[in-house]
Participant: 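Just dropping this structure here.
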There are 2 protein chains.
Amino acid sequence: MGEGLRERKKRETRLRISDIATGMFVARGFDNVTVAEVARAADVSVNTVFNYFATKEDLLLDRAPEVEELLARVFRERRPGESVLEAVRRDLLDALDTGHYRYGFHEADDAFVRMVESSPSLSARVREMNEARERKLAEAIAGELGTGPGDLTPALVAAQIGATIRTIVGHAVRRMLAGESVGAIAPDLRRQAEHAFGLLETGIGGYCVRPETPEGPRA
Amino acid sequence: MGEGLRERKKRETRLRISDIATGMFVARGFDNVTVAEVARAADVSVNTVFNYFATKEDLLLDRAPEVEELLARVFRERRPGESVLEAVRRDLLDALDTGHYRYGFHEADDAFVRMVESSPSLSARVREMNEARERKLAEAIAGELGTGPGDLTPALVAAQIGATIRTIVGHAVRRMLAGESVGAIAPDLRRQAEHAFGLLETGIGGYCVRPETPEGPRA
DNA sequence: ACTAATTTTTAAGTGACTGCAAAAATTTCC
DNA sequence: GGAAATTTTTGCAGTCACTTAAAAATTAGT
């Protein structure tokens, strides 16, 4: 069967609407652009927009699933002998060093961050994504350890790791918005991050270490 | 001058609207009650409602400030020789034992919790309140220690404590909504909470201990 | 080309929320 | 006690996100 014309057009339309919307939002601010304007710019009706995207926020955060999966993926792909915490720390520091955007400190994306922060509804959505990200990490941990819903530890560890990341990233974003370039604050940020994870490590550092042998996990 | 008729009536009107709205929301669900209906029930115009409350959500969460101040207050009023973490743990366990609602596990308020959970906008507001609560705790800690904005530790500790509380309370709420009575789960909840704070303690337990002498704080 | 399934559009409405100006209530001043 | 100034309340018109139902256009299968 492959992919018919219909499905290709749908994919294209969806992507076009999302792209056009994102551009307009970044340029003029999320709250200063109406869905009607996006629809007009994308040459579709308003209802078509809502046909593809459940809410206005979804126009922008279309790749939310990736973000929400990030921590769980990092956990699952962690190296032998590496704990949850160590894996996340390594990945975050790596993102910081290579300037990758996956945790939120984008090179020169002031505009994007500023737009998100300026819109209450978008900020709310980001909080939702953070929650989902922590929940998925907790599920991944619980799944691998085989713990039941009565054991809160996976959820606790996930929430604490999430809290740490949010604090670090929030700090970085605040300084970026204050005018400092990512390059200038990167070294200090690295130190802060190491210190932050250090705080956690003594408490939960040894939790759920991936075993050397590719078999079952160890508590 | 004291308090004139005008100010008293304002206070009364505000309270009356909020009370009536809360009752309607709990009875029929937040999203199933329109602001217009609340206005009619309170015998005022819709504009008057919005004159007192910025958003529909504010009608319900009028005492949000208390909730947001809670952790900071517990921290400030902690006992001599008590760390931030110890103070919060003591207060939360106390609330659990005495059945106080301040952390969210209300005696028989299924209806209230259920209503909040069923409304996305209310859940979003709760997340905002959690964030504010952690921020205020962080500010209180930083203020007492005299640390600058460059030191992330207060924010990290506050976020981790917040994460722990949210996880515990979330667990309790989930079981409550599943039909278990608060009394039945209280002992288990207590164990869970102790375990949860234990996780944190090894890491940050000694942070910011209140000194025996009623003078400056100690790190 | 015809029919059935699917997508898009049109049309009409709901509900939160805003801005403005008139009306009503309250306080102040005399 | 009454006019004037002030504040509160209200009515009205409008914006915007979002919903629902039914026409209209497009595509798929034969």
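Per chain, numbering begins at 1; letters A, B, ... match sequence-line order. Everything quoted here is computed from the prediction, not taken from an experiment.
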Participant: Could you please name the option among C:dT7, C:dG15, D:dT8 that lies closest to any side-chain atom of B:Thr34?
Facilitator: C:dG15
Participant: Between P on D:dC16 and CZ on A:Phe30, what's the gap in Å once rounded to a whole number?
Facilitator: 14 Å
Participant: Measure from the side chain of B:Glu57, starting at C-beta and using heavy atoms only, and say which of C:dT8, C:dC17, D:dA17 lies closest.
Facilitator: C:dC17
Participant: Quick one: B:Phe53 CZ to D:dT9 C1', roughly how many Å, whole number?
Facilitator: 15 Å
Participant: Write down the atom of A:Ala155, the atom of A:Ala138, and the distance for their closest heavy-atom approach.
Facilitator: CA-CB, 3.7 Å
Participant: Rounded to the nearest Å, what distance is computed from the NZ atom of residue A:Lys9 to the P atom of nucleotide D:dT26?
Facilitator: 8 Å
Participant: Do the numbers put A:Lys56 on top of the ring of A:Phe50, so that NZ or CZ is under 6.0 Å from the six-membered ring centre and no more than 45° off the axis?
Facilitator: no
Participant: Just checking A:Val44: base, sugar-phosphate only, or nothing, at a heavy-atom cut-off of under 4.0 Å?
Facilitator: sugar-phosphate
Participant: Could you tell me whether A:Glu180 and A:Arg175 make a salt bridge, using a distance below 4.0 angstrom between a side-chain N and a carboxylate O?
Facilitator: yes
Participant: The side chain of B:Thr48 lies closest to which of these nucleotides: D:dT10, D:dA21, C:dC17?
Facilitator: D:dT10
Participant: Is the phosphate of C:dT7 approached by A:Tyr52 (side-chain N or O, under 4.0 Å from OP1 or OP2)?
Facilitator: no
Participant: Do A:Asn51 side-chain and C:dT6 base share a donor-acceptor contact under 3.5 Å?
Facilitator: no
Participant: Check the distance between C:dC17's C1' and B:Leu59's CG and give it to me in whole angstrom.
Facilitator: 13 Å
Participant: Take the protein atom NZ of B:Lys56 and the nucleotide atom P of D:dA17, then report the distance between them rounded to whole Å.
Facilitator: 18 Å
Participant: Provide, to the nearest angstrom, the distance between the CZ atom belonging to B:Phe50 and the P atom belonging to C:dA16.
Facilitator: 6 Å
Participant: For B:Val33, which contact category applies under a 4.0 Å heavy-atom criterion: base, sugar-phosphate, or nothing?
Facilitator: sugar-phosphate
Participant: Does the side chain of B:Leu122 reach to within under 4.5 Å of the side chain of B:Phe25, using non-hydrogen atoms?
Facilitator: no
Participant: Assuming nearest nucleotide by heavy-atom distance, tell me which of A:Asn47 and A:Val35 is located more 5' along DNA chain D.
Facilitator: A:Val35
Participant: Do B:Arg14 and B:Phe53 form a cation-pi contact, if we require the NZ or CZ to be under 6.0 Å from the six-membered ring centre and within 45 degrees of the ring's axis?
Facilitator: yes
Participant: Starting at atom CG of B:Asp43, determine the distance to atom P of C:dA25, rounded to an integer number of angstrom.
Facilitator: 13 Å
Participant: In whole Å, what is the span from the CZ atom of A:Arg14 to the P atom of C:dT8?
Facilitator: 12 Å
